[in-house]
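Presented below is the structure to which this report refers.
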2 protein chains.
Amino acid sequence: MNLKELSQLLGLSQTTVSRALNGYPEVKEATRKKVAEAAQAHGYSPNVRAKGLATGRSNAIGHVIPTANSHEMVNPIFGDFIAGAGEIYMANNYEMMLTITDDANEEDIYRNLKTRGAVDGVILHGPKMNDTRIPLLIELGMPFVVHGRASGVDLPYSWLDVNNRSAFRRATDFLLDLGHRRIALLNGIETMDFAHRRRTGYHQALTERGVPLDPALLRSEEMTEHYGYSGAREMLAQPNSPTAFLVSSIISALGVRRAIEERGLKMGRDVSIVTHDDTLSYLANGETVPIFTATRSSVRDAGRALSQMLITLINTPNSDPQHTLLEAELTLGSSTGPAPQLASP
Amino acid sequence: MNLKELSQLLGLSQTTVSRALNGYPEVKEATRKKVAEAAQAHGYSPNVRAKGLATGRSNAIGHVIPTANSHEMVNPIFGDFIAGAGEIYMANNYEMMLTITDDANEEDIYRNLKTRGAVDGVILHGPKMNDTRIPLLIELGMPFVVHGRASGVDLPYSWLDVNNRSAFRRATDFLLDLGHRRIALLNGIETMDFAHRRRTGYHQALTERGVPLDPALLRSEEMTEHYGYSGAREMLAQPNSPTAFLVSSIISALGVRRAIEERGLKMGRDVSIVTHDDTLSYLANGETVPIFTATRSSVRDAGRALSQMLITLINTPNSDPQHTLLEAELTLGSSTGPAPQLASP
DNA sequence: CGGTTCTTTCAAAACGCTTTGGATTAACGG
DNA sequence: CCGTTAATCCAAAGCGTTTTGAAAGAACCG
């Protein structure tokens with residue numbers, strides 16, 4: 001059933017039927033009702049390509065997902081993010097269009113999305129420092145918003161980010177308050193902007209208290225369970241091992257806990273952990289009492305807010321860039337406790 | 001730059017330019033080359049909606065993702081699945097179109113995808129027993145393939161599935177061989193077809209050896225870390241507690257391990273675990289030696305194979321339904337060992 | 001050299017919608 | 001009752017492709 005058939009069936013012109021369905025004022029309420037009913041009855045809804053061709057819009061938002069950094073890994077936060085975004089798209093009649101890429105040709109993908117007119121805008125994931133995609137998208141004139149920020153990019157653009165620096169600074173401060181002095185950081189890959197900011201927060205807190213940085217306590221890798229495990233395992237095996245870990249992902253934190261327990265130590269007593277928690281649906285940090293003390297921020301909420309930001313931006317052209325900086329909560333769990341006292345000489 | 005402009009620029013008709021670009025034989029090689037170069041130089045690629053309108057195809061595949069069963073949870077295997085599928089789409093010039101839904105209106109979504117002509121086919125995720133979506137899609141005449149199967153649906157349809165029954169049967173057999181008699185099953189939700197089949201395999205193995213089923217050793221829920229933890233914790237606290245766990249997801253298995261270690265027991269010595277492992281990129285089951293003994297099958301490979309199946313099906317109409325049944329590997333890790341001997345009276 | 005067959009190109013129709021610019025009818029005011 | 005305005009509706013153009021049906025030119029054959 002297409003518009004032509006429906007309009008013939010109703011004895012009306014295509015114009016009138018189209019207008020009735022799209023809520024234009026110049027159609028009598030009685031006929032609008034008739035049209036709506038007929039459309040409903042015959043299960044008519046306008047062909048998405050014809051509509052798009054006529055209006056010049058696709059009503060679709062693009063997400064380009066890098067299977068990150070050579071390891072072919074899909075960021076686990078991704079599922080929850082798009083669950084949030086998908087809600088908003090549904091409510092606003094947008095489609096969500098995904099493209100998976102292995103990094104190499106990501107810029108070509110954006111170019112192509114633009115020239116083919118496949119999407120009305122994109123959400124940029126996983127911004128790096130000095131990210132080259134941002135100038136590209138601006139040059140292309142493609143509406144976009146960034147999940148995160150890109151240090152070193154001076155151009156104006158819209159973003160939504162968690163205050164990673166202050167979160168990790170507070171977390172480090174918290175551990176320092178508990179008496180910890182050897183605090184390890186198991187960070188994400190530090191070309192990623194968020195990881196860079198987290199390290200900065202960690203640095204700031206330490207240096208402000210005059211605690212020296214120890215390179216042996218720093219790692220930066222893709223945030224898998226195994227990374228947390230092996231990183232912690234090696235550090236704990238060294239003399240002068242850390243009494244606390246600051247971890248960039250709850251998945252890696254699970255690995256750290258494994259390494260701790262493998263050594264017969266107890267988390268929260270012998271070794272403390274503070275992790276960042278994106279509140280993923282299948283990795284809830286405990287039910288009532290959190291397992292891990294964590295800097296917490298819902299990535300699903302981020303998906304909701306950011307997609308809404310993009311839709312607004314698309315519908316109000318040449319509006320100013322929007323910025324949202326979310327502060328992470330610091331929630332207390334049972335993974336932290338006072339630093340163990342050193343045996344006196 | 002659109003086709004009209006490009007053809008004027010070349011002094012050719014739109015027809016010829018279109019044909020040249022689409023590789024039709026009736027255009028001289030020399031002019032094809034000229035056209036290709038000009039298109040390249042001016043960054044032309046055909047508008048996706050216009051092309052779709054003309055051809056009657058969208059070159060897009062739909063994935064309807066339920067934020068499962070009320071808990072608002074996104075299945076964690078989903079990211080890796082679409083990473084696999086995305087590769088194939090990219091290679092075949094298809095777009096991937098996602099819709100997130102909270103279950104209630106899923107059938108409406110399929111109806112709508114069809115009437116709006118938004119996609120050329122869909123991949124059906126998370127089939128339940130007697131799944132009503134399958135007859136619906138057949139009725140709609142929408143090409144589709146199923147990731148899994150639906151017991152109780154007799155209609156012909158294409159699917160790709162892991163042999164969940166035989167995998168869990170083998171896993172159970174393996175534990176029985178090690179002397180375990182009290183084997184707990186932490187299953188997924190049993191309205192899901194895969195969970196039903198796993199339980200069947202578990203049943204078969206036990207009854208064949210004359211080991212009675214104990215309802216106290218069965219759970220069926222959404223496969224979170226917390227589910228594994230609390231399920232195992234409660235069972236281990238009971239008298240006559242299980243000596244082995246069969247777990248439906250590596251995420252829940254992490255929770256089971258936590259419960260085991262919390263009681264001061266050692267995994268693989270005091271209590272064994274066999275888990276299903278979808279080989280998610282961020283939850284690798286150990287690096288060289290697997291942590292968990294597991295029934296293993298790559299969900300990313302499944303994504304690749306299934307999307308290819310769908311594309312073939314779309315391109316060869318009224319072909320017979322295709323079926324692929326993958327056998328899971330049973331890989332030995334360090335989470336299993338002989339059943340501990342009972343203290344003699 | 002005339003007729004036939006390829007090869008190469010093109011003009012125009014078609015895809016299914018929105019939107020422009022009128023046209024027609026109804027309502028209103030004096 | 002007539003001119004003016006408002007309320008409804010419509011025919012046709014336009015969106016950017018692909019594809020149909022034809023035409024023009026080249027090549028071939030006897």
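First the proteins, then the strands, lettered A, B, ... as listed; each starts at 1. Side chains included, hydrogens not; waters and symmetry mates left out as well; all remaining heavy atoms used.
The ring-ring contact (aromatic ring centres under 6.0 Å, His included) test with Trp159(B) singles out one residue from His125(B), His147(B), His323(B), and that residue is His323(B).
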Pairwise N/O distances under 3.5 Å, protein to nucleotides 24-27 of chain D:
none

Give every pair of a protein N or O atom and an N or O atom of nucleotides 17-20 of chain D that lie under 3.5 Å apart, one pair per line with the distance.
unit_1	atom_1	unit_2	atom_2	d
dT17(D)	OP1	Tyr44(B)	OH	3.4
dT17(D)	OP1	Asn47(B)	N	3.3
dT17(D)	OP2	Leu3(B)	N	2.6
dT17(D)	O5'	Tyr44(B)	OH	3.1
dT18(D)	OP1	Asn22(B)	ND2	3.1
dT18(D)	OP2	Ser18(B)	OG	2.4
dT19(D)	OP2	Tyr24(B)	OH	2.6
dT19(D)	O4	Thr15(B)	OG1	3.2

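Counting all heavy atoms, side chain and backbone alike, Ile100(A) lies closest to Ile82(B) at CG1-O, 3.6 Å.
The interatomic distance linking Leu21(A) (CG) with dC9(D) (C1') rounds to 16 Å, in whole Å. For Glu29(A) and dT8(D), the CD to C1' distance is 13 Å, given to the nearest whole Å. Spacing between atom CZ of Arg49(A) and atom C1' of dT18(C) amounts to 17 Å, rounded to whole angstrom units. Computed from coordinates, the Arg57(B) CZ to dG16(C) P distance equals 15 Å when rounded to whole Å. The distance between atom CG of Leu12(A) and atom C1' of dC17(C), rounded to the nearest whole Å, is 17 Å. Look at CG on Leu10(A): it is 17 Å from P on dT8(D), rounded to the nearest Å. Here the C1' atom of nucleotide dT18(C) and the CG atom of Leu6(A) are 15 Å apart, to the nearest Å.
A donor and an acceptor atom, one from each side chain of Ser281(B) and Asp80(B), are located under 3.5 Å apart.
Using a cutoff of 4.0 Å between basic side-chain nitrogens and carboxylate oxygens, Arg133(A) and Glu107(A) are not scored as salt-bridged. In this structure, Glu95(A) pairs ionically with Arg116(B), as a charged nitrogen and a carboxylate oxygen lie closer than 4.0 Å. Contact check on Asp193(A) versus Arg149(A) returns no salt bridge, with no Lys/Arg side-chain nitrogen under 4.0 Å from an Asp/Glu carboxylate oxygen. Checked for salt-bridge contact, Lys128(A) and Asp131(A) miss the test: no charged N lies under 4.0 Å from a carboxylate O. A salt bridge between Glu37(A) and Arg32(A) is absent, with no side-chain N of the basic residue lying under 4.0 Å from a carboxylate O of the acidic one.
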